[in-house]
Amino acid sequence: MAEAAKSGAAPAPAKAKKKFLYVNRKAPYGTIYALESLEVVLIAAAFEQEVSLAFLDDGVFQLSKGQDTAGIGMKCFAPTYRALGDFGVTKLYVEKEALSERGLTVEDLQQVTYEDENDGFKAKPSIVLIDRAALAKVMAEQDVILSF
Amino acid sequence: MKLSILINEGPYTHQAADTAYQFTKAALDKGHEVFRVFFYNDGVYNGSRLTVPPQDDRNIQKNWSELAAKHKLDLVVCIAAAQRRGILDEGEVKRHGKGEGAANVAPGFRISGLGQLIEMGIQSDRLVIFGD
Amino acid sequence: MSMLHTVNKSPFESNGLRSCLAHASKGDTVLLIEDGVYAALKGTAVSGDLWRCRIDVKFCVLGADLAARGLDKGRLIDGIRVVDYGGFVDLVTEHGRTQAWL
């Protein structure tokens, strides 16, 4: 892939890891932000930093199950979230208030799991339901917050 | 302090690139180091040498190119976003057979991978994002 | 360390400011830029949101964006600090990190 060939920068030297949070506040397909944010996350995983994702506001729609883009002629990237665990990205914070404001529950989201290497590679849920106040704390603990 | 800038929108439609430019100039004036400016999403259009704005308007691409020359700024256009949107350097033009002279990345900009964005997040003291 | 939040959209068009305020922590600063500066005006339907938060969060507004939009400083909610681009840079360095509410 061109991306890998030209990614230029080698992963950072052994330094203290930074905490990166990718904030997703936009719905998929109407604009490209959700997809291009996900593309950054996939590259970020190679840099051995602490990476987590937050879904709030319309960003929670990115995880809706049953996405079928055949009719709009665009690539469906929803399955890519399910692959994040293989890249070591295992924390997807989803804000409870954002879900309920939109008439959604966690049942409306696709399941995302990762294999926990510290627990016999058991499948564990990546989605962490979190309320707004707790998400604010998560944000406050980050070194770098990326939004697109 | 070491600062980096991420620009997610193209020129003219959104103010993001203008604000980012004014911010970058102010940071340099204050003696801060600007480690890198990264152009992503439609932001890659800031790096097209083919823009020809009216003479009484600002030339956003030229402003960046001149600022880069003056301060040795590292202006990086994301390759994946750029290929989608038709911003190519000589190497990419050849690789994709787009014909001689098709390269349109502006002076002072270079095309590279998303790793450059992650790296600047790691290396910089602060990352400031401009978009819409 | 505290956070600098930037909001660049009109509160009449987008929920960016509202969401920012709901997720900001005590000691943070919110900088209104671009169309975000409309949130700084007194007597609007959203001024109340800013009033309720102002004890915990500081507000600043980018002066060049106010001037460009013909907004006089006299129309600002009391206590909102006007900064220039250099002041924006200072806010970035004074806070531990920056979050853009795009």
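A note on names: the letters A, B, ... follow the listed sequences, proteins ahead of strands, and every chain is numbered from 1.
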Below 4.5 Å from any heavy atom of chain C, which atoms of A:Glu95 appear? Answer side chain, backbone, both or neither. side chain
Output the residues of residues 39-48 of chain C for which the shortest heavy-atom distance to chain A is under 4.5 Å, in residue-number order; output 'none' if no such residue exists. none
Scanning both residues in full, the closest heavy-atom pair of C:His23 with A:Met139 reads CB-SD, 3.8 Å
Please determine whether the number of non-hydrogen atoms from other residues, nucleotides or ligands lying under 6.0 Å from atom CD of A:Gln111 exceeds 12. no
Using heavy-atom distances under 4.5 Å, tell me whether A:Asp143 contacts chain C through its side chain, its backbone, both, or neither. backbone
May I have the step-by-step check of side-chain contact (heavy atoms from CB on, under 4.5 Å) for A:Leu21 and C:Gln99, ending in yes or no? CA-CA 10 Å; A:Leu21 179 70; C:Gln99 180 168 12; 5.8 Å; no
Could you pull out the closest heavy-atom pair between A:Ser147 and C:Leu102, with the gap in Å? O-CD1, 3.5 Å
What distance separates A:Arg25 CZ from C:Ser14 OG, expressed to the nearest 0.5 Å? 6.5 Å
Tell me whether A:Lys18 at atom NZ has more than 12 heavy atoms from other residues, nucleotides or ligands lying less than 6.0 Å away. yes
Enclosure of A:Lys124 NZ (heavy-atom neighbours >12, cutoff 6.0 Å): yes
Segment of A:Leu146 engaging chain C (4.5 angstrom heavy-atom cut-off): neither
What distance separates A:Ile145 CD1 from C:Trp101 CH2, expressed to the nearest 0.5 Å? 8.0 Å
Drop me the distance from A:Glu141's CD to C:Arg97's CZ, to the nearest 0.5 angstrom. 9.0 Å
Go through the atoms of C:Ser2 and report whether side chain, backbone, both or neither lie under 4.5 Å from a heavy atom of chain A. neither
Side chain / backbone / both / neither for A:Lys26 at chain C, heavy atoms under 4.5 Å: side chain
Just wondering, are more than 12 heavy atoms of other shown residues or ligands nearer than 6.0 Å to CZ in A:Arg132? yes
Let's test your reading of the structure: which of C:Ser25, C:Ala22, C:Gly96 forms the most heavy-atom pairs below 4.5 Å with chain A? C:Ala22
Quick one: what part of A:Phe148 sits under 4.5 Å from any heavy atom of chain C, side chain, backbone, both or neither? backbone
